[in-house]
Structures are given as C-alpha cells and as structure tokens.
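All heavy atoms count here, side chains included; hydrogens, waters and symmetry mates do not. Both counts, for ligands and for their atoms, begin at 1 and track the order of listing.
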Amino acid sequence: MNQLIRAIAFAADKHRNQRRKDAEASPYINHPIALANVLANEGGIDDERVLLAAVLHDTIEDTDTSRDELVQWFGEDVARIVDEVTDDKSLPKAERKRLQIEHAAHISRHAQLVKLADKICNLRDILAMPPSGWSEQRKREYFDWAKRVVDELRGAHAGLETVFDEAYRQGAPSEHAA
Ligand code: NDP
Ligand code: ZN
C-alpha cells in the first residue's frame, strides 16, 4: 500500500468542493501537494510521516475530517502532526494568528517542518496568485506575520528556512514596486 498516494486521494476527496482564494479559484488540493513537494524536493525530507502530514495538513481545520479518522487511516504519528498544525477555529482570527506565533517554538520538529512548508507555499502563492482583492498592505502584513511564525521555529531545517527567506525577500516592497 502506497500511503502517500492514499493520502493524496484522501485529501483530494475531502477538499473536493474547496478552492484557493486566488482569482482563478485554483483547486484546493494543489496547496497540500505543493507542501509535500517543497519538503521532499527542496528540503530533502523523506520521512513519510512528515510528507503524509503535509498532504493532510488542512483536513481537520478545513473539512469534516476528525483526528480519529486520520489515526485510523494514517496512524497516530501522522494524526498528531496534523493536529499540531491545526488552528482552533472557535477562536477569533486575530487570536489564532497570535497563537501560531506563540506555539511555533513548542510544537514537534515534524510539525515545525510542515508549518515552515505551509508558510513558504503561502508566500509563493501571494507572490504568484494572491487572494483576490488583497492590497499591497494586506500582503505585506501576511508576509510579516508569516516571518514572525518562522522566526520562532528556526533551527528546524536550515535549508528550508533559507527557502522561506528567499520567498520573503521577493516580497520586499522595493521588488513589489519593480
Ligand atoms: P486569511 O486567513 O483570510 O487568508 C490567508 C490564508 O488563506 C492563508 O494562510 C492560506 O491558508 C489561505 N489561502 C488560500 N488561498 C491563498 C492564496 N492564493 N494565497 C495565499 N494564501 C491563501 O487572511 P489573513 O491571514 O490576512 O487573516 C485575516 C486577518 O487579517 C485577520 O486577523 C484580520 O483582522 C486581518 N485583516 C486584514 C485586512 C487588511 O487589509 N490588512 C483586511 C481584513 C482582515 P491555508 O494554508 O490554511 O490554506
Ligand atoms: Zn496550508
């Protein structure tokens, strides 16, 4: 049984009615696949649990998927990583964003890797295909918040932190203006 293919099929089904926020409303599944691609092919990560958790990282937060369902299909380790990167949606947005900064240093290294890849992919999306209607200021606020989260987990993976820093640099105001 190839668990990675199974996770992609599982996430594709769970996210099937969801779209990203870019103008073309891209299929949601592109994003979790992009995380796994960054981790495997830019970070050299081959721990299957991390790659599975990347593919599944938004299933609890954004679909009807339960932690138990992930335990049943993908095991306790994968379910725990996904749980660690899942925001508590009962909290107001600003509080959730504050807690991401506060928690980033204290989650497991596996969860930190998924979180780092998530921020890399979201910065790249904002550069290439931003959410419709976002002003330059709103993009900048997102970049700066993402950097505050990543700054709390530095040491998790130097190579991917450099990949993040490069994406962040590309969003610098001088380059936006260019
Ligand atoms: P959102 O949380 O609404 O959107 C960002 C999230 O959307 C990403 O983290 C990503 O999450 C997902 N996403 C989907 N499509 C894309 C895409 N194409 N590019 C990038 N991300 C995408 O926005 P904010 O993070 O800005 O959070 C809202 C906060 O902003 C609130 O605290 C609110 O107070 C504030 N706000 C600011 C405004 C302003 O003009 N400055 C206006 C309105 C609100 P995932 O990885 O989970 O898919
Ligand atoms: Zn995500």
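The atoms of ligand 1 that sit less than 4.0 Å from any heavy atom of Tyr28 are 45 (P), 47 (O), 48 (O). Residue-ligand proximity, Tyr142 to ligand 1, at heavy-atom distances under 4.0 Å covers atoms 5 (C), 8 (C), 9 (O), 25 (O). Taking every non-hydrogen atom of Asp118 and a distance limit under 4.0 Å, the qualifying atoms of ligand 1 come out as 46 (O). For ligand 1, the atoms lying closer than 4.0 Å to a non-hydrogen atom of Asp22 are 18 (N). If you number the atoms of ligand 1 from 1 as listed, the ones under 4.0 Å from a heavy atom of Met129 come out as 18 (N). Short contacts between ligand 1 and Asp58, defined as distances under 4.0 Å to a heavy atom of the residue, involve ligand atoms 45 (P), 46 (O), 47 (O), 48 (O). Close contacts between ligand 1 and Trp134 involve ligand atoms 4 (O), 5 (C), 23 (O), 26 (O) [criterion: under 4.0 Å to a heavy atom].
Note: the hydrophobic cluster containing Val149 also contains Leu116 (ILVMFWY, side chain heavy atoms under 4.5 Å, direct or indirect links). Cluster membership check: Leu35 shares its hydrophobic cluster with Val163, using side-chain heavy-atom separations under 4.5 Å among Ile, Leu, Val, Met, Phe, Trp and Tyr.
For atom 34 (O) of ligand 1, the protein comes within 4.0 Å by no heavy atom at all. Shown here, atom 5 (C) of ligand 1 is in close reach of the protein: a heavy atom of it lies under 4.0 Å off.
For Asp125, no nitrogen or oxygen atom sits less than 3.5 Å from a nitrogen or oxygen atom of ligand 1, counting backbone and side chain alike. Between Lys97 and ligand 1, at least one pair of N/O atoms sits closer than 3.5 Å.
The side-chain tip of Lys139 does not point at the ring of Trp134 from less than 6.0 angstrom away and within 45° of straight on.
Centred on the Zn ion (ligand 2), the OD2 atom of Asp58 and the NE2 atom of His57 lie at an angle of 70°, reported to 10°.
Listed for the Ser26 side chain is no donor-acceptor partner under 3.5 Å among the backbone atoms of Asp22.
Given atom 31 (C) of ligand 1, the protein heavy atom at minimum distance is Lys93 CG, 3.6 Å. Nearest protein heavy-atom contact of atom 20 (C) of ligand 1 is Ile126 CG1, 3.4 Å. The protein heavy atom nearest to atom 11 (O) of ligand 1 is Asn122 ND2, 3.8 Å. The nearest heavy-atom contact from the protein to atom 7 (O) of ligand 1 is Lys21 NZ, 3.0 Å. Considering only non-hydrogen protein atoms, atom 12 (C) of ligand 1 sits nearest to Arg20 NH1, 3.8 Å. Ranking the protein heavy atoms by distance from atom 43 (C) of ligand 1 puts Arg138 NH1, 3.4 Å first.
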query: Yes or no on salt bridge (charged side-chain N to carboxylate O under 4.0 Å, His left out) for Glu95 and Lys89, after CA distance, side-chain angles and deciding distance?
result: CA-CA 10 Å; Glu95 175 70 355; Lys89 278 197 148 173; over 6 Å; no
Could you pull out every donor-acceptor pair under 3.5 Å between side chains of residues 70-79 and any protein atom, sequence neighbours left out?
residue	atom	partner	partner atom	Å
Glu76	OE2	Arg67	NH1	3.3
Glu76	OE2	Arg67	NH2	2.9
Asp77	OD2	Arg49	NH1	3.1

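Taking the Zn ion (ligand 2) as reference, Asp118 places its N/O/S atom OD1 nearest.
Partners of Asp144 according to the side-chain hydrogen bond (donor to acceptor under 3.5 Å, both in side chains) rule, which considers only residues two or more places apart in sequence or in another chain, are Arg140, Tyr168.
Ion pairing between Glu102 and Arg98 holds under the 4.0 Å rule for side-chain N and carboxylate O. Under 4.0 Å is where a charged nitrogen must lie from a carboxylate oxygen, and between Lys21 and Asp125 no such pair does.
The aromatic ring centres of His57 and His31 sit less than 6.0 Å apart.
Distances from ligand 1 to the non-hydrogen atoms of Glu141 include at least one value under 4.0 Å.
The side chain to side chain contact (heavy atoms under 4.5 Å, CB included) with Ser66 is formed by just one residue from the set Asp68, Thr63, Asp64; it is Asp68.
When the shell of 6.0 Å around CZ of Arg148 is examined, it contains 12 or fewer heavy atoms from other residues, nucleotides or ligands.
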